[in-house]
Amino acid sequence: MSGIVGSHDLLLVTLDTLRHDVAAELAAEGRIPNLARHLPGGVWEKRHAPGSFTYASHQAIFAGFLPTPAGPGPHPRLFAARFAGSESTAPGTFVFDTPDLLSGLAGVGYRTVCIGGVGFFNRQPPLGSVLPDMFQESHWEPEFGVASPTSFEAQVTRAEQVVAELPPEQRLFLFVNVSALHQPNWFHRPGATREAGDSRATHAAALEYVDAHIGRLFAAASSRRRCFAIVCSDHGTAYGDDGYTGHRLGHESVWTVPYAHFFLDPGATAP
């Protein structure tokens, strides 16, 4: 990353609440072709989330603690705050001398932009401003939120606008918190009902919905120069697994998340 920061635009997408097993199944079954063609080897990397719910996980991610590879470490990190004794800071790590990655990137000339999704980004209560306030520019509106069946399309449209308005020479760090996977997601599966509620199947349908539109986001992010993209979940969620439902709990379905990073070349991704 120390050789990428400064020359590339950067894109971070958190597919909020996405389970690793569902993501892996859909990639293997050919149900998310637009994502799968960018995944190294066509598969998601299995990782462990830095937190069990959105706020905790994003606080860690924005400090440089991306989901950790699901195997013995230490694992070199892409980004890290400078501090003595770090075992995961490697020669290629982008090291910053600020409290968080966003201010670190801003310090080397990046425009940091947040397009929020779930409630921790909506600025409605004071807590909903903590994460977006870490960025130079942030966007949220009800159409981006969990209750909107077209949330991701609206988020992508805003991302396209943000990119189009930037001066060509301005480096960009674009963050998108995708809310579509989070409950309620029943409306993404044909035939599902509000009364029946969410399920693992409607969660999967929400990922298919995201995949149908993510090509536009990739195209916008790489429209000005080569882009380094990170796409991952911040945590999973349980749908009755071992009696558990939801997240903010210590179950495998919550701690195990999909992760990928890759380059996007200008013009290589069709809308």
Side-chain angles (χ1 to χ4, degrees), residues 12-24 44-70 75 77 79 81 99-102 114-135 138-142 144-148 151-152 155 175-188 197-200 202-207 209-210 230-260:
L12 171 61
V13 180
T14 53
L15 301 170
D16 204 292
T17 318
L18 177 59
R19 294 168 56 122
H20 174 268
D21 57 356
V22 169
W44 295 97
E45 182 182 354
K46 184 178 182 179
R47 291 202 174 196
H48 292 148
S52 63
F53 69 110
T54 299
Y55 184 80
S57 191
H58 282 83
Q59 282 283 11
I61 289 171
F62 293 159
F65 297 97
L66 293 165
T68 307
H75 301 282
R77 286 192 287 144
F79 310 99
D100 57 81
L101 174 61
L102 296 318
C114 168
I115 299 178
V118 304
F120 287 113
F121 296 92
N122 68 14
R123 293 192 176 278
Q124 292 178 353
L127 184 60
S129 294
V130 173
L131 296 174
D133 276 350
M134 299 172 76
F135 292 78
S138 65
H139 301 265
W140 189 90
E141 55 190 63
F144 301 170
V146 298
S148 170
S151 60
F152 189 54
Q155 288 179 303
F175 165 72
V176 183
N177 172 252
V178 178
S179 66
L181 287 304
H182 196 283
Q183 67 267 21
N185 55 45
W186 61 269
F187 40 70
H188 290 297
D198 299 339
S199 65
R200 197 175 179 280
T202 64
H203 186 77
L207 181 57
Y209 160 71
V210 169
I230 300 168
V231 181
C232 63
S233 177
D234 56 339
H235 60 81
T237 199
Y239 288 102
D241 305 74
D242 298 316
Y244 290 102
T245 299
H247 40 273
R248 199 163 56 83
L249 51 91
H251 190 270
E252 177 74 10
S253 62
V254 175
W255 285 113
T256 308
V257 295
Y259 173 96

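Heavy-atom basis, side chains included; hydrogens, waters and symmetry copies ignored. What you see is a predicted model; the values in this text were computed from it and never measured.
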Under a 3.5 Å distance rule, please check whether [X] uses its side chain to pair with a backbone N or O of [Y] as donor and acceptor.
| X | Y | result |
| --- | --- | --- |
| Arg47 | Val257 | no |
| Trp44 | Ala23 | yes |
| Trp140 | Ile115 | no |

Distance-minimising heavy-atom pair for [X] and [Y]:
| X | Y | value |
| --- | --- | --- |
| Trp255 | Pro50 | CZ3-C, 4.3 Å |
| Val210 | Phe152 | O-CE2, 3.4 Å |
| Ala238 | Tyr244 | CB-O, 3.3 Å |
| Pro184 | Asp198 | CA-OD2, 3.2 Å |
| Val118 | Asn177 | N-OD1, 3.0 Å |
| Gly246 | Val254 | O-CG2, 3.7 Å |

Please examine the side chains of [Y] and [X], heavy atoms only from C-beta on, and report whether any two atoms are closer than 4.5 Å.
| X | Y | value |
| --- | --- | --- |
| Leu131 | Cys114 | no |
| Phe65 | Pro67 | no |
| His247 | Ser52 | no |
| Arg77 | Leu66 | no |
| Pro132 | Arg123 | yes |
| Leu12 | Ile61 | yes |

Nearest-0.5 Å distance that lies between atom [atom1] in [X] and atom [atom2] in [Y]:
| X | Y | atom1 | atom2 | answer |
| --- | --- | --- | --- | --- |
| Gln59 | Asp100 | CD | CG | 8.5 Å |
| Phe144 | Gln155 | CZ | CD | 6.5 Å |
| Asp234 | Asp16 | CG | CG | 4.0 Å |
| Ser151 | Asn185 | OG | CG | 10.5 Å |
| His235 | His182 | NE2 | NE2 | 5.5 Å |
| Glu45 | Tyr259 | CD | OH | 7.0 Å |

- request: In sequence, state the C-alpha distance, the side-chain angles, and the governing distance for His188 and Thr202, and then conclude on side-chain contact (heavy atoms from CB on, under 4.5 Å).
  value: CA-CA 6 Å; His188 290 297; Thr202 64; 5.9 Å; no
Sub-6.0 Å ring centroid separation between [X] and [Y]:
| X | Y | value |
| --- | --- | --- |
| Phe175 | His58 | yes |
| Tyr239 | His203 | yes |
| Tyr209 | Phe187 | no |

message: Working note: His251 + Asp242, criterion side-chain hydrogen bond (donor to acceptor under 3.5 Å, both in side chains); need CA distance, chi angles, decisive distance, verdict.
response: CA-CA 9 Å; His251 190 270; Asp242 298 316; 2.7 Å; yes
- request: Please assess Phe135 against Phe62 for the test ring pair (Phe, Tyr, Trp, His ring centres under 6.0 Å), listing each intermediate value before the final yes or no.
  value: CA-CA 10 Å; Phe135 292 78; Phe62 293 159; 5.3 Å; yes
